[in-house]
Amino acid sequence: MIRITTQKVILHVAIFIIVSLLPLVTATQKHAKKIIHECSDHKVLELGPKLSFQIILHGILLWASMGFLMPIAILVIRMSNKEQNGRRLKMIVYTHASLQILSVLLVAVATIMSVINFENFFDNTHQRLGLALYVAIWLPFIAGIFRPDRGSKNRGVWYAFHWLIGVTVTLLGIVNVYIGLQAYNTKTMKSTSVWNWLFSIEVGVIAFIYLFQEKWQYIKQSGGILCNESVRPTDQEASPTQKKEISPMA
């Protein structure tokens, strides 16, 4: 009975999110083009101070959500893999959940800004992928709410789904940040090379930490093994008791 109720709740939430997006898509399709003119074979965006600020804020919010908070949330929860202390484990889980909630809220704000202020005809990759991510980012959040207890039968399936959707959304979010920078460059003819380099450095650092976490436990264990081996007595430096035991009888 509990399982059926949970499935119904998830289904209703998913339907609500999809239905809530339909008016937004309809509104964006009716939004008039006020600040775009044709130049050569592509559209160049005329930026006033207000629109320029809105675009930059939109980009910062999506970077903070998809390009920073979501990856950090993954790094944080991976710290719980070998954690035995119950108090620290609870703090890790709460931190992970808080980062995910903040990320979802920032995406929602950025999406509302985009709908209200920008021309959204969903005729390019950045807008289409952004819409898909807006729906998908709710899935790990909802899955986290309905997390089964450790040791339960469905825990493995839940973990696989939560990990897969979380990593997929994060990777696609990072890709969309790059696509958004490229779209900004194409529309405004302003260079984004500095932002590309800075973001690439950040992604590289996060990827290094992600891979380093895989080996950290092995490094710690190897250090303990080497330390134990260094203090182990050898045949040449046996203790007096050992020497007495192995000495020949007179």
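Note: Phe141 and Trp138 have perpendicular aromatic rings, judged against thresholds of 30 and 60 degrees for the angle between ring planes.
Counting heavy atoms of neighbouring residues, nucleotides and ligands inside a 6.0 Å radius, atom OH of Tyr210 exceeds 12 of them. Within 6.0 Å of CH2 on Trp158 lie more than 12 heavy atoms contributed by other residues, nucleotides or ligands.
Contact record, His162 with Ala143: ND1-CB, 3.8 Å, taken as the closest heavy-atom pair. Closest non-hydrogen pair, Val107 versus Ser65, comes out as CG2-OG, 2.8 Å. Counting all heavy atoms, side chain and backbone alike, Gln100 lies closest to Pro140 at NE2-CB, 3.8 Å. Nearest heavy-atom pair, Tyr134 versus Ala108, reported as atom, atom and distance to 0.1 Å: CE1-CA, 3.9 Å.
Considering CD1 of Ile56 and NE2 of His58, their distance stands at 12.0 Å, rounded to 0.5 Å. With rounding to the nearest 0.5 angstrom, the CD1 atom of Ile112 is 11.0 Å from the CG atom of Asn117. Rounded to the nearest 0.5 angstrom, Leu102 CG and Ile72 CD1 are separated by 12.5 Å. Atom CD1 of Ile137 is separated from atom CD1 of Ile165 by 10.5 Å, given to the nearest 0.5 angstrom. The CD atom of Gln127 sits 10.0 Å away from atom CG of Asn176, with the distance rounded to the nearest 0.5 Å. Leu61 CG to Leu69 CG: the interatomic distance, rounded to the nearest 0.5 Å, is 10.5 Å.
Formation of a donor-acceptor pair under 3.5 Å by the Thr186 side chain with backbone atoms of Gln182 is found in this model. Looking at His126, its side chain never comes within 3.5 Å of a backbone N or O of Ile179 through a donor-acceptor pair. Side-chain atoms of Gln213 come within 3.5 Å of backbone N or O of Leu75 as a donor-acceptor pair. The closest donor-acceptor contact from the side chain of Thr188 to the backbone of Tyr184 lies under 3.5 Å. Formation of a donor-acceptor pair under 3.5 Å by the Ser103 side chain with backbone atoms of Leu99 is not found in this model. Side chain of His96 to main chain of Val76: no donor-acceptor pair is present (N/O by atom type, distance under 3.5 Å, no hydrogens or angles). A donor-acceptor distance shorter than 3.5 angstrom exists from the side chain of Ser98 to the backbone of Tyr94, with no hydrogens or angles considered. For the pair Asn185 (side chain) and Leu181 (backbone), a donor-acceptor distance under 3.5 Å is absent.
Screening Thr168, Thr170, Val169 for a side-chain contact (heavy atoms from CB on, under 4.5 Å) involving Leu172 leaves a single residue, Thr168.
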List the steps, then state whether side chain to side chain contact (heavy atoms under 4.5 Å, CB included) holds for Val109 with Leu105. CA-CA 6 Å; Val109 173; Leu105 292 177; 5.6 Å; no
side-chain hydrogen bond (donor to acceptor under 3.5 Å, both in side chains) between Glu202 and Trp63, intermediate numbers included: CA-CA 11 Å; Glu202 179 209 321; Trp63 161 78; 2.8 Å; yes
Go through it in stages, so that I can follow the logic: the residues are Met66 and Ile174, the test is side chain to side chain contact (heavy atoms under 4.5 Å, CB included), and I'd like the CA-CA distance, side-chain angles, deciding distance and then a yes or no. CA-CA 6 Å; Met66 297 287 189; Ile174 290 174; over 6 Å; no
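No side-chain heavy atom of Arg88 sits under 4.5 Å from any side-chain heavy atom of Met79. At a threshold of 4.5 Å between non-hydrogen side-chain atoms, the residues Leu51 and Gln54 count as touching.
Cluster annotation: Leu89 is not connected to Met91 through the hydrophobic network of ILVMFWY side chains, with a link wherever side-chain heavy atoms come within less than 4.5 Å. By the rule that hydrophobic residues join a cluster once side-chain heavy atoms approach within less than 4.5 Å of another member, Leu211 and Trp163 end up as members of one cluster.
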